[in-house]
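Report on the following structure.
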Amino acid sequence: MNEKQKIINIAVIAHVDAGKSTLVDAFLNQSGVFRTNEEIIDCVMDSDDIERERGITIYSKNCSVMHQDYKINIVDTPGHADFSSEVERIIKTVDTVILLVDSSEGPMPQTRFVLKKSLEQGLNPILFINKIDKKDSRIDEVVDEVYELFMDLEANDEQLDFPILYGIARQGIAVREPKDVEAIKVEDGEAKIKKSPAGYGGLNLEPLFETIISHCKPYEDLREEPLQLQVSSLGYDDYIGRLGIGRITQGTISSTETVTVANSKGELVKRKVNQIFVYIGLNRVPVDKAECGDIVVVAGISDISIGETICDAKNPRPMEMINIEEPTLSMTFMVNKSPFAGRVGKFVTSRHIKERLERELEVNVGLLIEDTETTDSFKVSGRGELHLSILIENMRREGYELAVSKPEVILKRDKDGKKLEPIEEVVLSVPDAYTGSVISKLNLRKGMMTQMAGENGYSRLEYLVPTRGLLGYRTEFINDTRGEGTMVRHFNGFEEYKGEISQRTNGVGIAQEEGTCTPYAIANIQERVQMFVEPGTAVYEGMIIGMNSRGEDMVVNPCRAKRVSNMRASGTDENVKLSPARTFTLEEALEFISDDELVEITPADIRLRKKYLRELERRRSGR
């Protein structure tokens, strides 16, 4: 039998902004994936529009590089806790993980989560301390913190004996000792910060490639065994339909082969494979046959789902299903019924919304969709505000119109019938001057401080806070710290219900009638209301146009025009001075609204409104 290709599968895991996508860029760049004259974009794996705009990874993606005679499949994973269901599944398809840790931040909450999943799978990680050129880097302390984290997570002796590399992913440099980087100096004595993923000053990623190859044995030869391929993620192609992506654990698979699928209901069903693809560089390339160890894309099985096993037709051996952690937040998606409904959107009916949500379920496993008592609304549950708002943003860009309610926390009961709620671990870095206000706000939101440390004029606070208490807090936090603070959240577990938590204390300004806002009316209203609308904005009755300075709601008329008379007196006509209106992003709008309010989402606008548009209806429901 011919020689088996040497295959190693690795995942790059880390916290948000530790440099995962940048390291993958350097891997691709130094293994000759790009042509010499090809224009290379940063974070080439983040191909989705929203990923590019926000600079975050949302979906895990695959690519491969060749080094010597080894094929190394690389998976770039998301760092946000909201997309952790992506990470959980990917860990099952790889032989080792590169754990990236920032040289000044050290391990963060999400680092703990992804590392825990890797150790549970029995993987032996490689530690890569990134950004060692930072002025405030504390390399030795961070390495000690990582050792403590491994011990906390009960790593075995082999896992504790992890190789450590240091580097600057942005420059495509990996070294075995931090002092090796200090050798690079430019004429004026400053270390070079220029971004060049191809390596710099004679240094490149070669030590990391060597460590991967020495640390990880290539996938063993199980080609003679019956086929086993567990689907760890899904894709969709407009031409060939649904795609199942996963690693061949044993055996081989050919295009046009008949296979047995062990589905989530525990049934064994016969299916036919149309095409097989493997990753070469960034591209999906069709092949006639793929061998064990490789990560492949299977087309032609229209009902394939995550965790299901594609087995040998004659000798099926299903693998254990993948457990996905449960959602923690839910929202109601409903048909947009405002007076402006259907003016912009292409898809506005409940049938359209339902079909779109069902399509999302095919690839987005952390999501749960349930019907409600009415036919025009659906309860959608996910892993956090970001998880759900990315879905809404995608729908909005595709031409959907809908209204959504305030996010609600999913509560559980334990076996004694006690009410439990999700608790999040929050790590905050705050300038010392603003620490007091942040601590008092989090205490009001039923937060429990677990740790506090100060360094270089910043305080690092660690808290356990109920998810309910964090809804709507991010905007306040940014205002309280003048934009200088950072906040990182991660789901920690369920604890006993913490009691009532105070919500937004201000009332809102509500438009009295349909029309167009005038400068004259806004100038009179803005003395008491922080405006959300500009002159010329079309409004309708029941739409929220601003935030009241007091606790109660106030109905105002922003469309009133100045009476015109034919008398003109000097000194009475004055220029109207208007304060700039506050605009909302989708996340801010979802954070701002109360229980009796909705966010109306169309391709062109995001509006806030009351659930009941008429004042009489609001009074009735209030009773």
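Along the sequence shown, residues are numbered consecutively beginning with 1.
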Of the non-hydrogen atoms in [X] and [Y], which two are nearest, and what is the gap between them?
X	Y	value
Ile593	Val404	CD1-O, 4.2 Å
Pro207	Val175	CG-CA, 4.5 Å
Ser459	Asp432	OG-OD1, 2.7 Å
Ser437	Tyr434	OG-O, 3.1 Å
Ala174	Leu205	CB-CD2, 3.8 Å
Gly485	Phe477	C-CE2, 3.6 Å

More than 12 heavy atoms from other groups under 6.0 Å of [atom1] on [X]:
X	atom1	answer
Asp416	CG	yes
Lys379	NZ	no
Met449	CE	yes
Asp140	CG	no
Glu154	CD	no

Less than 4.0 angstrom from a charged side-chain N to a carboxylate O is my criterion; do [X] and [Y] meet it?
X	Y	result
Glu421	Lys446	no
Asp595	Lys406	no
Arg138	Glu145	yes
Glu587	Arg474	no

How long is the gap from [atom1] on [X] to [atom2] on [Y], to the nearest 0.5 Å?
X	Y	atom1	atom2	result
Thr467	Ile423	OG1	CD1	6.5 Å
Ile98	Ile212	CD1	CD1	4.0 Å
Leu590	Leu608	CG	CG	9.5 Å
Asn506	Gln530	CG	CD	9.0 Å
Leu471	Glu591	CG	CD	8.0 Å

Side chains of Val426 and Tyr473: closer than 4.5 Å at any heavy-atom pair?
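The answer is no; the side chains never approach within 4.5 Å.
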Do Arg460 and Ser429 touch side chain to side chain, with heavy atoms closer than 4.5 Å?
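Of all side-chain heavy-atom pairs linking Ser429 with Arg460, none is under 4.5 Å.
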Check whether [X] reaches the backbone of [Y] with its side chain - one donor and one acceptor, N or O, closer than 3.5 Å.
X	Y	answer
Asp553	Val508	yes
Arg468	Gly499	yes
Thr96	Cys216	no
Gln159	Leu123	yes
Asn548	Gly509	no
His215	Asn124	yes
Ser103	Lys131	yes

Which class fits the ring pair Phe592 and Phe532: parallel under 30°, tilted 30 to 60°, perpendicular over 60°?
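Aromatic pair Phe592/Phe532 classed perpendicular.
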Going through the checks in order, is the salt bridge (Lys or Arg N to Asp or Glu O under 4.0 Å) test met by Glu588 and Arg582?
CA-CA 11 Å; Glu588 287 165 353; Arg582 176 179 168 186; 5.7 Å; no
Can you spot which of Val143, Val101, Thr211, Val146 makes a side chain to side chain contact (heavy atoms under 4.5 Å, CB included) with Ile164?
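Only match with Ile164 under side chain to side chain contact (heavy atoms under 4.5 Å, CB included): Val143.
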Do we see a donor-acceptor contact under 3.5 Å between the side chains of Tyr463 and Asn443?
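Their side chains do contain a donor-acceptor pair, which is all the 3.5 Å distance test asks for.
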Polar contact flag, side-chain donor to acceptor under 3.5 angstrom, Ser594-Asp596
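On atom types as modelled, these side chains do not qualify, holding no pair under 3.5 Å.
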Pair Phe162 + Tyr147: ring centers closer than 6.0 Å:
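Here the rings of Tyr147 and Phe162 have centres that are less than 6.0 Å from each other.
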